[in-house]
There are 2 protein chains.
Amino acid sequence: MLSKKTKYGIKALVHLARQNDREPVQISTISKSENISQKFLESILLTLRKNGMLGSKKGKGGGYYLLKDPKEIPMTTVMRLLEGPIAMVPCVSLNFYEKCADCPDENICAVNKLMLKVRDNTLEIFRNTTLADLSELADS
Amino acid sequence: MLSKKTKYGIKALVHLARQNDREPVQISTISKSENISQKFLESILLTLRKNGMLGSKKGKGGGYYLLKDPKEIPMTTVMRLLEGPIAMVPCVSLNFYEKCADCPDENICAVNKLMLKVRDNTLEIFRNTTLADLSELADS
DNA sequence: CTATTACCCTATAGATTTAATAGGATAATA
DNA sequence: TATTATCCTATTAAATCTATAGGGTAATAG
């Protein structure tokens, strides 16, 4: 299951991507528009900024804005930042690999085999989907 | 992330599928062979039996056994039974659909759009992978 | 220069889920 | 009738998630 943190984070990023200009958008604006608890959103945007995804401006007229072109932001980056590993088990994770304590040999492990396939497919989707793609309304 | 319950459940099912005959296998045997806490495994096998996946036999020479041919058991069934929804968000789930509280219109929701793609792909894999496929050792 | 605005940061708490354990009841077999 | 092995409920320990609280800091306007 996707955490609310990730869900809200994506929504906020898309909100910023849909902005025509790069003018800062206030937390409260996004919070109201996307129905997200303002304080919770605050902490999410903070981690997005700390990880180089967003810039911010303080004081009146301040807010958050995207640092890069939405076309240049693949969802792999966003997902790993907010949700962590894309794989469903650590033993098939590229960026968060961990050996299973119970599994003597990954090569003959059924779970490994299955989840490797799932990871490959999911990864492919996230790689080929940018924030710009998600910002285009409806269908496609 | 895949829960240990699901992980252990799949391993146990594969263990049973790898059995040549349909003779009952004791919990303790699977538990030792797969490095799973026996009591925890007990509860997992119980739910698998209650949902028509396994049969059981009590007393000496008892144990659990598959009720169907592994070729006839797609991973969609197993996953839904053990893990629940395959989708990462309830609003794109086929069997566990739920509307998001915060989302006024799913058709223009970026998260919905993205997770729908992921679900479609993952579902396809689970549909086309049977317990028999996972039981074949190594590569493929 | 000072009031206001809006982000910055840490800590904590409540709720939920997960993973496992405990302890015995029940049924089948030898 | 003793033994074996599943059946079943309840409980707990730990982890994670989802916020909320409460103030600090920097920028802007007038």
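Protein chains get the first letters and strands the later ones, always in sequence-line order, with residue 1 at the start of each.
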Next item on the list: Check side-chain hydrogen bond (donor to acceptor under 3.5 Å, both in side chains) between B/N20 and all other residues, then give those that pass, not counting sequence neighbours.
Entry: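 Per chain and number, B/N20 pairs via side-chain hydrogen bond (donor to acceptor under 3.5 Å, both in side chains) with no residue.
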Next item on the list: Kindly write out the residues that satisfy side-chain hydrogen bond (donor to acceptor under 3.5 Å, both in side chains) with B/T29, not counting sequence neighbours, or none if the list is empty.
Entry: none
Notebook entry, point to check: Is there a side-chain polar atom (N or O) of A/S37 under 4.0 Å from OP1 or OP2 of D/dT18?
Noted result: no
Notebook entry, point to check: By a strict heavy-atom criterion of less than 4.0 Å, which residues belonging to residues 2-16 of chain B are in contact with DNA chain C?
Noted result: B/S3, B/K4, B/K5, B/Y8
Item checked: Neighbours of DNA chain C within residues 78-94 of chain A, by heavy-atom distance under 4.0 Å -> none
For a quick test of your reading: what N or O donor-acceptor pairs under 3.5 Å do the side chains of residues 51-79 of chain B make, sequence neighbours left out?
from, atom 1, to, atom 2, distance (Å)
B/N51, ND2, B/T47, O, 2.7
B/D69, OD1, B/K71, N, 2.9

Note to self: List the residues meeting side-chain contact (heavy atoms from CB on, under 4.5 Å) with B/D21, not counting sequence neighbours, and say none if there are none.
What the structure shows: B/Q19, B/E23
Which atom pairs, one a donor and one an acceptor, fall under 3.5 Å between side chains of residues 32-41 of chain A and the rest of the protein, sequence neighbours left out?
from, atom 1, to, atom 2, distance (Å)
A/E34, OE2, A/H15, ND1, 2.9
A/N35, ND2, B/D102, O, 2.9
A/S37, OG, A/F40, N, 3.3

Check: side chain to side chain donor-acceptor pair (under 3.5 Å): which pairs involve residues 89-98 of chain A, sequence neighbours left out?
Finding: A/Y97-A/E106
Next item on the list: Would you mind listing the cluster partners of B/M1? Hydrophobic ones only (ILVMFWY), side-chain contacts under 4.5 Å, chaining allowed.
Entry: none
Next item on the list: Starting from A/F96, walk the hydrophobic network (Ile, Leu, Val, Met, Phe, Trp, Tyr; side-chain heavy atoms closer than 4.5 Å) and list everyone else you reach, by chain and number.
Entry: none
Notebook entry, point to check: Cluster question for you: counting only ILVMFWY and a side-chain heavy-atom cut-off of under 4.5 Å, with indirect links fine, are A/L123 and B/F126 together?
Noted result: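 Different hydrophobic clusters.
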Note to self: Output the rounded distance in Å from CG (B/D102) to P (D/dT18).
What the structure shows: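 Rounded to the whole Å, the gap is 12 Å.
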Item checked: Distance, nearest 0.5 Å, that separates CZ of B/R119 from CG of B/L94 ->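 It is 4.0 Å, given to the nearest 0.5 Å.
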Identify each atom pair where a protein N or O and an N or O of nucleotides 6-9 of chain C are less than 3.5 Å apart, giving names and distance.
from, atom 1, to, atom 2, distance (Å)
C/dA6, OP1, A/Q26, OE1, 3.3
C/dA6, OP1, A/Q26, NE2, 2.6
C/dA6, O4', A/G59, O, 3.4
C/dC7, OP1, A/I27, N, 2.9
C/dC8, OP1, A/R49, NE, 3.2
C/dC8, OP1, A/S56, OG, 2.5
C/dC8, OP2, A/Y64, OH, 2.1
C/dC8, N4, A/E42, OE2, 2.5
C/dC9, OP2, A/R49, NH2, 2.8
C/dC9, N4, A/E42, OE2, 3.1

